[in-house]
Participant: 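For reference, the structure I am asking about is given below.
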Amino acid sequence: MASGTERSGTGEWGNVSLRPMVEDDLGPVLAIERALFPEDAWTEGMFRNELAGRSSRHYLVAEEDGKVVGYAGLFAHRRAADVQTIAVRSGLWGRGVGTTLLAALLEEAERRGCGEVYLDVRADNDRAQRLYQRFGFERIGVRRGYYEQAGVDAVVMRRTRASGSEKRG
Ligand SMILES: CC(C)(COP(=O)(O)OP(=O)(O)OC[C@H]1O[C@@H](n2cnc3c(N)ncnc32)[C@H](O)[C@@H]1OP(=O)(O)O)[C@@H](O)C(=O)NCCC(=O)NCCS
C-alpha cells in the first residue's frame, strides 16, 4: 500500500487521519456498516475478501483520536475503478471526513491510471449524491429496484478526468 495514502488534517473538531484498512479494523468497521446499512450491510466475509484482493483494492480507514470514524474502498481494474463503499459514523457527518476519504480514493485511481471511476448510489441518498457531484461524478444510468429489500433504485455515476477537473477546478 502506498505510503502516499496516509494524510492527516486538523479541523475544528480534532485530528482525522487516513491509513490503509487492516483486518484488525473490522470490528469498528462492521459496527459502522451495520448501523448505516441495516438492510444490506456487508458481512465480515465480504470485507475480508476485499482486503485479500490487495493488488486491485485500496481500502482506507479514517481515524480520529485513535478511533475508526469512517472507511472507504476502491476496486481498480485496468483503466477504470469502482468506489465500492464509503461511510462515516453517523453523528460525525458534515465535517469533511467523507470528502477526505473520497479525495484519497480518487487520487489512488489517478495514480493507477484509471481514467474513469464508477459507483452506485441509492436514488434516495441525496447527501452522498451531492458529495459525488462535487467531485465531478455525473449520473449515467439507473438500476431499477437494485436495492431489493427497500425497493429503491440505484443511480449509476461516473467521473472522468474531464468531468472531475471541470467541477473541482
Ligand atoms: C455520504 C457520507 C459518506 C458523507 O460523509 P461526510 O463525512 O458527512 O461528508 P462531508 O462532511 O465531507 O460532506 C458532507 C457535507 O458536509 C459539508 N462539510 C464538509 N466539511 C465541512 C466542514 N468542515 N464544515 C461544515 N460543513 C462541512 C460538505 O459541504 C457537505 O455538504 P453537502 O452535503 O451540502 O454537499 C456520510 O453521510 C455517510 O456515511 N452516509 C451513510 C453511508 C452512505 O450513504 N454512504 C454512501 C453509499 S453510496
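Note that ligands are numbered from 1 as they come in the structure, with each ligand's atoms numbered from 1 the same way.
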Participant: Could you tell me whether Thr99 approaches ligand 1 through its side chain, its backbone, both or neither, with non-hydrogen atoms closer than 4.0 Å?
Facilitator: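 Looking at Thr99 and ligand 1, atoms from backbone and side chain both fall under 4.0 Å.
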Participant: So between Val83, Thr85, Asn125, Ile32, whose heavy atom ends up nearest atom 43 (C) of ligand 1?
Facilitator: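 Considering heavy atoms of Val83, Thr85, Asn125, Ile32, the nearest to atom 43 (C) of ligand 1 sits in Asn125.
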Participant: With respect to atom 38 (C) of ligand 1, which of Phe37, Tyr71, Trp93 exhibits the smallest heavy-atom separation?
Facilitator: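 Nearest heavy atom to atom 38 (C) of ligand 1 lies in Trp93.
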Participant: Measuring from Arg159:CZ to Leu102:CG, what's the distance to the nearest 0.5 Å?
Facilitator: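 The CG atom of Leu102 is 8.0 Å from CZ of Arg159, to the nearest 0.5 Å.
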Participant: Would you check the N or O atoms of Ala128, main chain and side chain alike, for any that come under 3.5 Å of an N or O of ligand 1?
Facilitator: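 No, Ala128 has no N/O under 3.5 Å of an N/O on ligand 1.
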Participant: Is the closest N or O pair between Arg95 and ligand 1 shorter than 3.5 Å?
Facilitator: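 Right, the criterion is met.
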Participant: Taking Thr100 for the side chain and Gly96 for the main chain, is one N or O donor matched with an acceptor at less than 3.5 Å?
Facilitator: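 Yes: the side chain of Thr100 pairs with the backbone of Gly96.
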Participant: Got a sec, which residues hit side chain to side chain contact (heavy atoms under 4.5 Å, CB included) with Asn125, two or more places apart in sequence or on another chain?
Facilitator: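 Testing Asn125 for side chain to side chain contact (heavy atoms under 4.5 Å, CB included), a comparison that skips the adjacent residues, returns Val121, Arg122, Arg127, Ala128.
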Participant: Heavy atoms only: which of Arg130, Met157, Arg134 lies closest to atom 13 (O) of ligand 1?
Facilitator: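 Of the listed residues, Arg134 has the closest heavy atom.
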Participant: Side chain to side chain donor-acceptor pair (under 3.5 Å), that's the test. Do Tyr59 and Glu50 meet it? Break it down for me.
Facilitator: CA-CA 8 Å; Tyr59 273 72; Glu50 291 295 300; 2.7 Å; yes
Participant: May I ask whether Asp120 places a heavy atom under 4.0 Å from ligand 1?
Facilitator: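 Judged by the 4.0 Å heavy-atom criterion, Asp120 does count as contacting ligand 1.
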Participant: Is Val88 touching ligand 1 with its side chain, its backbone, both, or neither, if touching means heavy atoms under 4.0 Å apart?
Facilitator: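 For Val88, the contact with ligand 1 is made by both the backbone and the side chain.
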Participant: Do ligand 1 and Leu92 have nitrogen or oxygen atoms that lie under 3.5 Å from each other?
Facilitator: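 Not met; the criterion fails.
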